[in-house]
Structures are given as structure tokens and as C-alpha cells.
Amino acid sequence: MQRPSPTSPLLSLPGAVPAEGRDEGVAAHYGDPFREQRALAAGSGLVDLSHRGVVTVSGEDRLSWLHLLLTQHVSELPPGRAADALILSANGHIEHALYLVDDGTTVWAHVEPGTREELLAYLESMRFFYRVEVADRTDETAVVHLPAGSVAEVPDGAVVRETPHGREVFLPRGELEAYAAAHGPLAGILAYEALRVEAHRPRLGFETDHRTIPHEIGLIGRAVHLQKGCYRGQETVARVHNLGKPPRRLVFLHLDGSEVHLPAHGAPVRLAADGPDGRQLGFVTTAVRHHELGPIALALVKRNVPVDAPLVVAEATAAAQEPVVEP
């Protein structure tokens, strides 16, 4: 059984409301999700991501070894440069997503809650004669997110992933409370997710299912390098890229703002012209309330759904689509 990540001490703060489901262990919000969103969008605040798994790979062969396993080109990854990478099945389906940075001696990665033990088992099974050491650092390390534009200082010696969306800082877990107190205001996972959906950034386990391939959710180039050596699932990646189109595509949805409840993950997507009894053409992956855009969502739909077709989500929620992955 997967060991849960440690519960964040920030959940004991006044106003903290626990998140549920996959994000259990950190705060959904601290009393005002829209205010928290606005703070992040303005470049201030901090998001507690300490429920995410943290895995390290050290040793002389760490980059060349990971290069053989991952979809990303990392054999010459410079220290301090962030990289996104996937591990695929033999059929090219996404199994793991890793958010990496090398500090010069060790590769640090944070991964989705609930995935680290399966990932560690796979990495250990692939060590063979390579000079690498794989470790689970979740119990001792917490990840926090600082939004783009933040001027918050990072502790000396802390490992940092610098991305277009902000900085992800690997902190000793014992320093989390003090760092959060010094670099707030705190924003919960609901605010973080709303900005993720606005930016069309897919998340493992939300925008993916057991048969998702990287092309469907826009990860070619972002997490999949097309000019690198062999890795598990590469044949599928190359075949779809060179010879065809993926069967599904990710879309961004503007939802009818008059609805009280957001559609759940997995809610069916249909053509509005076909009504609630029409054929299901996809499903909602993540739905959120945005401080400016109102209710929005990401969804996976069949590739041949017309890009200008009005859609309906769940029973009767009207939705207009914007392509994230072109048909």
C-alpha cells in the first residue's frame, strides 16, 4: 500500500480548510480562494505542495542513466535547469511525470501524490550496473511554490526549480512553517489549480487516464524530446508524431457561469446539438472557478470534435471550447 505523504503543519493555521482526494494533506484554501488566486497572479504568496513525493537520484551515472528511462533529453542537463519528463509504458501510455532539477551532484524530482512508491520500485528495478543511488526524500523534504514575479528569498543551499510559472523550492520539512510565515500570504491548492487550468497545464491523474499518450495533452516538446535515444514507449511517440494524429485532444472550456456546482472529474462532454442524451465525446478532467474567467475547465475530447461546436457538460452545463491540442 502507498504510504501517505506527511500531513502539512500549515493545516493547523487559522482558516486552513483541508483539501480532499489526491491533494489530501495540504490546504484547499485559507479562507478566501479568490483573494489567494489574485495574490498568486500578482506574483506574491506561497503554495504548500508538501504532499507531493520527492525522489532523488545521485551518483556518477545519474544523468546518463535517467536519459535512458525518461522521455526528456537529460544526459547533459546543466545544474539548475528545470526539466519536465515522463515515464511511458511499452505502448506509449503515460505512467509517471517527474519535475526535475540537477544541483550538480543530485537530481531532485517532485512527483504526484500517491505515485512515488511505484516510481521508486521501477527505478530500482532498472539500476543494473549503473553508478546511481535512488532515494525517497518525501519524509524530510517539502516542496513549496513561489509564483512568477515573486521576490521571496530562497534559503541558502535550497534546491530550486525555476519555471515560467514560478519557482518550486525543495525545503527541509522542518523549516516549512517558518518559511511560510516569512513569505506569505499563503494560497491553497484551489488557487494553484485555477491558475494551472488557466495556463492549460495538464496534470498526471487529472488530464490523464490509463491510455493517455503525450500528444493528446500537449506534452510533445514540453516533456517529450523528439531527438533523443531510445526509451520505453518511444515507438508510439514517433509513430503518432510522424504518421498520424492522437485519438483525443485536450481542450479548454469556458463553462456556463449560472451553474451552482462545478462538473466533477469524468463528467461527460457532448455536442450541445445532441442534447443530454447524445453520444459522449469526451470527459472533464479538471474544473475550477477562476477569479476573472469564472468557471473554466480542461477536458479530453475526441480529435474529430469540431473546434467551433458548442458543447454541453454533464447534464446541461453549456461550454465553449478553445483548442489546447490542435485536431
Side-chain angles (χ1 to χ4, degrees), residues 52-57 59 61-102 106-112 114-128 130 132 134 161-165 168 196 199-250 285 298 300 303 324-326:
R52 295 184 66 82
V54 177
V55 174
T56 60
V57 181
D61 296 334
R62 66 190 183 282
L63 292 177
S64 59
W65 177 68
L66 285 170
H67 188 79
L68 298 173
L69 305 179
L70 304 179
T71 57
Q72 188 59 272
H73 196 300
V74 297
S75 61
E76 300 169 2
L77 184 68
R81 180 181 296 176
D84 298 354
L86 308 173
I87 291 176
L88 306 180
S89 73
N91 293 322
H93 302 137
I94 299 173
E95 292 189 343
H96 293 283
L98 296 84
Y99 302 90
L100 310 167
V101 66
D102 185 80
T106 301
V107 173
W108 294 74
H110 65 81
V111 300
E112 283 293 333
T115 67
R116 73 184 191 277
E117 290 193 354
E118 184 179 344
L119 171 63
L120 286 161
Y122 172 70
L123 293 177
E124 286 289 350
S125 74
M126 301 299 291
R127 283 180 58 188
F128 302 120
Y130 291 93
V132 295
V134 179
R161 271 179 38 93
E162 190 86 36
T163 79
H165 307 286
E168 296 156 3
R196 177 182 73 81
H200 306 168
R201 291 189 290 135
R203 182 178 172 189
L204 182 75
F206 289 75
E207 281 64 56
T208 68
D209 57 19
H210 67 283
R211 58 192 179 96
T212 304
I213 60 176
H215 315 67
E216 295 179 319
I217 57 174
L219 292 182
I220 300 299
R222 185 187 305 182
V224 179
H225 195 289
L226 292 175
Q227 284 80 45
K228 62 158 287 185
C230 294
Y231 54 87
R232 190 173 69 176
Q234 185 194 28
E235 289 185 1
T236 297
V237 170
R239 183 170 63 252
V240 174
H241 179 75
N242 293 322
L243 301 177
K245 295 282 190 177
R248 302 178 297 180
R249 59 184 178 88
L250 189 66
T285 59
L298 293 173
L300 269 177
R303 178 173 56 87
V324 176
V325 173
E326 294 298 326

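Small disclaimer: the values here were computed from a predicted structure and weren't measured. In this chain, residues are counted from 1 in sequence order.
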Visitor: Can you confirm whether Glu124 is buried at CD, in the sense that more than 12 heavy atoms of other residues, nucleotides or ligands lie under 6.0 Å from that atom?
Guide: yes
Visitor: Is any side-chain heavy atom of Glu118 closer than 4.5 Å to one of His96?
Guide: yes
Visitor: Compare every heavy atom of Ile87 with every heavy atom of Leu69, then report the nearest pair and how far apart it is.
Guide: O-CG1, 4.1 Å
Visitor: Side-chain contact, heavy-atom cut-off 4.5 Å: Val237 with Ile220?
Guide: yes
Visitor: Specify the closest pair of heavy atoms between Arg249 and Arg303, including all atoms of both residues, with the distance to one decimal.
Guide: NE-O, 3.3 Å
Visitor: Tell me whether Arg116 contacts the main-chain N or O of Val54 through its side chain, where contact means a donor paired with an acceptor under 3.5 Å.
Guide: no
Visitor: Would you indicate whether the side-chain heavy atoms of Ile94 and Leu219 approach each other to under 4.5 Å?
Guide: yes
Visitor: For Pro246 and Glu216, work out which heavy atoms get closest and say how close.
Guide: CB-CG, 3.6 Å
Visitor: Please check if atom NZ in Lys245 has more than 12 non-hydrogen atoms from other residues, nucleotides or ligands closer than 6.0 Å.
Guide: no
Visitor: Any side-chain heavy atom of Leu298 within less than 4.5 Å of one from Pro202?
Guide: no
Visitor: Are any of the side-chain heavy atoms of His241 and Val224 separated by less than 4.5 Å?
Guide: no
Visitor: I need the minimum non-hydrogen distance between Ala85 and Leu100, along with the two atoms involved.
Guide: CB-CD1, 4.1 Å
Visitor: Heavy atoms, side chains only, cut-off 4.5 Å: are Leu119 and Leu98 in contact?
Guide: yes
Visitor: So, do Tyr231 and Leu70 sit near enough that their side-chain heavy atoms are less than 4.5 Å apart?
Guide: no
Visitor: Does Arg161 offer a backbone N or O that forms a donor-acceptor pair with the side chain of Trp108 under 3.5 Å?
Guide: no
Visitor: side-chain contact (heavy atoms from CB on, under 4.5 Å) between Trp65 and Leu123: does it pass, once the steps are laid out?
Guide: CA-CA 10 Å; Trp65 177 68; Leu123 293 177; 3.9 Å; yes
Visitor: Determine the minimum heavy-atom distance between Asn91 and Thr236, stating which atoms define it.
Guide: O-OG1, 3.0 Å
Visitor: Working to the nearest 0.5 angstrom, can you tell me the gap between His215 NE2 and Ile217 CD1?
Guide: 11.0 Å
Visitor: Determine whether Val107 and Leu77 make a side-chain contact, defined as any pair of heavy atoms from C-beta on separated by less than 4.5 Å.
Guide: no
Visitor: On a heavy-atom basis, which atom in Asp61 and which in Ser64 lie closest, and how many Å separate them?
Guide: O-OG, 3.1 Å
Visitor: Say whether, by atom type as modelled, one donor and one acceptor occur between the side chain of Thr71 and the main chain of Leu86 under 3.5 angstrom.
Guide: yes
Visitor: Distance-only, no hydrogens or angles: does the Gln72 side chain make a donor-acceptor pair with backbone N or O of Asp84 under 3.5 Å?
Guide: yes
Visitor: Quick check against the 3.5 Å criterion: does Arg62 have a side-chain atom that pairs as donor or acceptor with the backbone of Val132?
Guide: no
Visitor: Could you tell me whether a side-chain N or O of Arg232 sits under 3.5 Å from a main-chain N or O of Leu88, the two making a donor and an acceptor?
Guide: yes
Visitor: Quick one: sort the His73 and His67 rings into parallel, tilted or perpendicular, breaks at 30° and 60°.
Guide: perpendicular
Visitor: Within the distance-only criterion (no hydrogens, no angle test), does the side chain of Ser89 pair as donor or acceptor with the backbone N or O of His93 below 3.5 angstrom?
Guide: yes
Visitor: Between Arg196 and His165, does a side-chain contact (heavy atoms from CB on, under 4.5 Å) hold up when you go through it step by step?
Guide: CA-CA 9 Å; Arg196 177 182 73 81; His165 307 286; over 6 Å; no
Visitor: Considering only NZ, NE, NH1 and NH2 on the basic side and carboxylate oxygens on the acidic side, decide whether Arg52 and Glu168 come within less than 4.0 Å.
Guide: no
Visitor: Enter the distance from Arg222:CZ to Arg201:CZ here, rounded to the nearest 0.5 Å.
Guide: 8.0 Å
